[in-house]
Amino acid sequence: DTEVTQTPKHLVMGMTNKKSLKCEQHMGHRAMYWYKQKAKKPPELMFVYSYEKLSINESVPSRFSPECPNSSLLNLHLHALQPEDSALYLCASRLNTEAFFGQGTRLTVV
Amino acid sequence: QKEVEQNSGPLSVPEGAIASLNCTYSDQGSQSFFWYRQYSGKSPELIMFIYSNGDKEDGRFTAQLNKASQYVSLLIRDSQPSDSATYLCAVYDHQAGTALIFGKGTTLSVSS
């Protein structure tokens, strides 16, 4: 099983809304990542969790708040987003060498 | 900061031809190199990785690594229209929590 599951697949939210993205893997991977991808651009690293602890925050605005409640689950809490935050949000996990991506959440901020 | 450079393309090849995608990287300490394929609107899918100098073959795909030149390539033999996608070259940045850092990607178009 090399599956990373992200929910929801699509999300439309207003600038005053609070929403959360969810990422789940049951491969025992201890490193998990959030990436943001805009159209025709490569994935851009946002956060890294290692053994459920936040190890890297790539200067992401505080309106994005990550959380790792346990070794299988990674959340990204969203609040007061801007239209320019509309993008594909990708979760990935890694055990040793190979990193696997979820299918992503397509976020539109209106 | 590690950098990964790719020609964004588009690279156009006819069906059945060999597609050659190239990537250079800045950090001489990089050890492992990855090729991801990404269809429009979908997430990246790992297709090949390589650690050692030389060639690594998997079906129609061959990855080539030259550490002295800091150069990685991906050859796709007998290209099919279904290979039309963006190909992302990536390396690990161990200073960024061992996260993948991607090149800008090369868009491949295979015409039938």
Side-chain angles (χ1 to χ4, degrees), chain A residues 2-7 9-10 21 23 25 27 29-60 66 68 74 86-108, chain B residues 1-11 21 23-26 30-52 56 58 63 65 72 84-109:
Chain A
T2 57
E3 191 168 333
V4 178
T5 303
Q6 287 188 246
T7 53
K9 289 186 170 47
H10 301 275
L21 309 184
C23 173
Q25 58 88 13
M27 297 178 280
H29 292 182
R30 304 315 294 266
M32 296 184 76
Y33 309 85
W34 282 113
Y35 286 84
K36 173 183 177 180
Q37 188 175 25
K38 303 280 278 185
K40 300 191 186 302
K41 299 289 187 183
E44 181 183 327
L45 182 66
M46 299 176 72
F47 301 105
V48 180
Y49 271 84
S50 179
Y51 290 87
E52 299 150 55
K53 287 186 171 32
L54 182 65
S55 61
I56 296 287
N57 175 341
E58 289 287 326
S59 303
V60 179
C68 188
L74 188 64
S86 298
L88 180 67
Y89 287 84
L90 295 162
C91 174
S93 71
R94 180 184 63 82
L95 177 60
N96 293 313
T97 301
E98 297 171 58
F100 298 95
F101 283 84
Q103 292 307 300
T105 294
R106 174 71 60 189
L107 174 67
T108 303
Chain B
Q1 174 107 25
K2 292 185 194 301
E3 290 186 359
V4 180
E5 299 286 340
Q6 291 182 258
N7 185 333
S8 60
L11 173 66
L21 302 109
C23 171
T24 59
Y25 58 94
S26 62
S30 294
Q31 297 292 316
S32 46
F33 307 88
F34 302 82
W35 284 100
Y36 282 80
R37 177 176 63 198
Q38 187 171 28
Y39 293 111
S40 181
K42 303 295 185 182
S43 65
E45 173 193 10
L46 180 64
I47 53 173
M48 291 282 293
F49 60 90
I50 186 167
Y51 309 116
S52 305
K56 178 182 178 183
D58 184 0
L65 174 60
V72 189
S84 298
T86 296
Y87 290 80
L88 297 160
C89 176
V91 301
Y92 277 122
D93 185 346
H94 295 286
Q95 292 183 329
T98 311
L100 284 169
I101 304 300
F102 291 89
K104 292 184 178 179
T106 299
T107 300
L108 172 66
S109 176

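By convention in this document, chain letters (A, B, ...) are assigned in the order of the sequence lines, proteins followed by strands, and residues within each chain are numbered from 1.
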Discussion item. Is B:L46 close to chain A through its backbone or its side chain, or both, or neither, when contacts mean heavy atoms under 4.5 Å?
Written reply: side chain
Worksheet item: So, do A:V4 and A:C23 sit near enough that their side-chain heavy atoms are less than 4.5 Å apart?
Response: yes
Practice prompt. Write down the atom of B:L88, the atom of B:G103, and the distance for their closest heavy-atom approach.
Written response: CD2-O, 3.6 Å
Across chain A and chain B, going purely by atom type as modelled, what donor-acceptor pairs are there at a distance under 3.5 Å?
{"unit_1": "B:Y36", "atom_1": "OH", "unit_2": "A:A99", "atom_2": "O", "d": "2.8"}
{"unit_1": "B:Q38", "atom_1": "OE1", "unit_2": "A:Q37", "atom_2": "NE2", "d": "2.8"}
{"unit_1": "B:Q38", "atom_1": "NE2", "unit_2": "A:Q37", "atom_2": "OE1", "d": "2.7"}
{"unit_1": "B:S43", "atom_1": "OG", "unit_2": "A:G102", "atom_2": "O", "d": "2.9"}
{"unit_1": "B:Y51", "atom_1": "OH", "unit_2": "A:T97", "atom_2": "OG1", "d": "3.1"}
{"unit_1": "B:Y92", "atom_1": "OH", "unit_2": "A:T97", "atom_2": "O", "d": "2.4"}
{"unit_1": "B:T98", "atom_1": "O", "unit_2": "A:Y33", "atom_2": "OH", "d": "2.6"}
{"unit_1": "B:L100", "atom_1": "N", "unit_2": "A:Y35", "atom_2": "OH", "d": "3.0"}
{"unit_1": "B:L100", "atom_1": "O", "unit_2": "A:Y35", "atom_2": "OH", "d": "2.8"}

Response to the item:
Residues B:A99 and A:V48: closest non-hydrogen pair is CB-CG2, 4.1 Å
Worksheet entry | Nearest atoms (heavy-atom pairs only) where A:L90 meets A:G102 | CD2-O, 3.9 Å
Worksheet item: Which bit of A:A31 is near chain B, if near means a heavy-atom gap under 4.5 Å: side chain, backbone, both or neither?
Response: neither
Worksheet item: Which atom pair, heavy atoms only, marks the closest approach of A:P42 to B:F102?
Response: CB-CB, 3.9 Å
